[in-house]
Amino acid sequence: MSDCIFCKIINGEIPSKKVMENDDFYAFYDINPVAKVHVLVVPKKHVANISAITDDNQKYVAGILPFIRDVVAKLGLADDGYRVIFNTGEKAGQTVFHMHAHILGGQELDWPN
Ligand code: AMP
Ligand code: ZN
């Protein structure tokens, strides 16, 4: 999508600090971290959020959990623990309507905030 900030990050129009990528997903550091480690994972194809997954586009997002597992391993968070959050919809605080997982870690995390 031409006006989507995360599509622009994926195609390199907007710079980002990459963690890792594969054919389907890109992981990069959040510009405004809310934890010591705060990384975003996005599918390279534009899908607005979980509720926008369809029979047609699900193939672009289905592998996100194994990719998140690999990002977490690379970040060294797997042993201590981490949180994965998909803000979905305006009332849940989604501000960028390109599906993304927040990976938070590197510290003790309160629950639910
Ligand atoms: P959400 O509020 O769940 O939609 O999350 C959007 C996230 O994108 C926020 O945590 C922002 O800090 C982050 N963000 C926005 N613009 C950028 C950018 N250019 N580079 C990295 N992260 C960004
Ligand atoms: Zn997009």
Side-chain angles (χ1 to χ4, degrees):
M1 256 177 87
S2 56
D3 61 344
C4 170
I5 186 172
F6 286 173
C7 284
K8 288 180 179 171
I9 284 176
I10 292 158
N11 72 24
E13 263 182 81
I14 294 176
S16 62
K17 198 172 160 204
K18 172 176 155 177
V19 177
M20 60 186 280
E21 67 183 312
N22 67 11
D23 286 347
D24 296 326
F25 301 103
Y26 183 66
F28 59 104
Y29 286 94
D30 197 292
I31 204 168
N32 186 22
V34 299
K36 276 191 183 156
V37 180
H38 186 173
V39 167
L40 300 174
V41 173
V42 294
K44 289 185 174 178
K45 297 272 189 194
H46 184 94
V47 177
N49 58 34
I50 289 172
S51 293
I53 296 173
T54 64
D55 288 348
D56 287 337
N57 67 26
Q58 64 86 24
K59 59 183 173 289
Y60 301 123
V61 301
I64 198 165
L65 289 179
F67 183 74
I68 289 171
R69 173 203 60 203
D70 294 344
V71 174
V72 163
K74 179 162 187 185
L75 293 167
L77 299 177
D79 288 344
D80 283 348
Y82 55 93
R83 187 165 295 149
V84 178
I85 299 164
F86 290 86
N87 292 330
T88 304
E90 277 174 28
K91 285 190 176 168
Q94 186 176 8
T95 58
V96 179
F97 281 76
H98 179 131
M99 182 179 166
H100 52 281
H102 297 257
I103 300 172
L104 304 179
Q107 62 176 75
E108 294 278 342
L109 296 167
D110 292 334
W111 179 258
N113 297 304

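The first residue of the sequence shown is numbered 1, and numbering continues consecutively from there. Just so we're clear, the structure is a prediction, and the values are computed from it rather than from any experiment.
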### Message
Do I103 and V61 land in one hydrophobic cluster if side-chain heavy atoms of ILVMFWY residues count as linked below 4.5 Å?
### Response
yes
### Query
With D70, which residues qualify under side chain to side chain donor-acceptor pair (under 3.5 Å), at least two apart?
none
### Message
Given E13, which partner from the list N11, I10, I9 fulfils the side-chain contact (heavy atoms from CB on, under 4.5 Å) test?
### Response
N11
### Common cluster, I68/L104, ILVMFWY with side-chain heavy-atom separation under 4.5 Å
no
### Message
For a quick test of reading the model, state the closest non-hydrogen atom pair linking A101 to V84 and the distance between them.
### Response
CB-CG1, 4.0 Å
### Message
Is it true that, when you exclude K59 itself, more than 12 heavy atoms of the residues, nucleotides or ligands shown sit nearer than 6.0 Å to its NZ?
### Response
yes
### Summary
For N49 and G89 the tightest heavy-atom approach is ND2-N, 4.0 Å
### Interatomic distance, I5 atom CD1 to I31 atom CD1 [nearest 0.5 angstrom]
7.5 Å
#### Entry: N57 side chain near K45 side chain, heavy-atom distance below 4.5 Å
no
### Message
For F67, give me all partners under ring-ring contact (aromatic ring centres under 6.0 Å, His included), at least two apart in sequence or on another chain.
### Response
F25
Under 3.5 Å, which donor-acceptor pairs do the side chains of residues 32-40 form with other protein atoms, sequence neighbours left out?
residue: H38; atom: ND1; partner: V34; partner atom: N; Å: 3.0
residue: H38; atom: NE2; partner: D30; partner atom: OD2; Å: 3.3
residue: H38; atom: NE2; partner: H102; partner atom: ND1; Å: 2.8

## Note on the structure
Looking only at heavy atoms, the pair that brings H100 and V96 closest together is CE1-O, 3.1 Å
#### Entry: Single-linkage hydrophobic cluster, 4.5 Å side-chain cutoff, Y60 and V42 together
no
#### Entry: Pairs meeting criterion ring pair (Phe, Tyr, Trp, His ring centres under 6.0 Å) with involvement of residues 77-99, two or more places apart
H46-H98
### Query
Which residues satisfy the salt bridge (Lys or Arg N to Asp or Glu O under 4.0 Å) test with K44, sequence neighbours excluded?
E21
### Query
Closest heavy-atom contact between T88 and S51?
CG2-OG, 4.1 Å
### Task
Rounded to the nearest 0.5 Å, what's the gap from CD on Q107 to CG on D80? Could you check?
11.5 Å
### Query
Where do P66 and G63 come nearest, in terms of heavy atoms and distance?
CD-O, 3.2 Å
### Within one Ile-Leu-Val-Met-Phe-Trp-Tyr cluster: L75 and F28, side-chain cutoff 4.5 Å
no
### Contacts of Y26 that satisfy side chain to side chain donor-acceptor pair (under 3.5 Å) - sequence neighbours left out
S16
### Task
May I ask whether V41 and I50 are part of the same hydrophobic cluster, defined by side-chain heavy atoms of I, L, V, M, F, W, Y residues being less than 4.5 angstrom apart, directly or through others?
yes
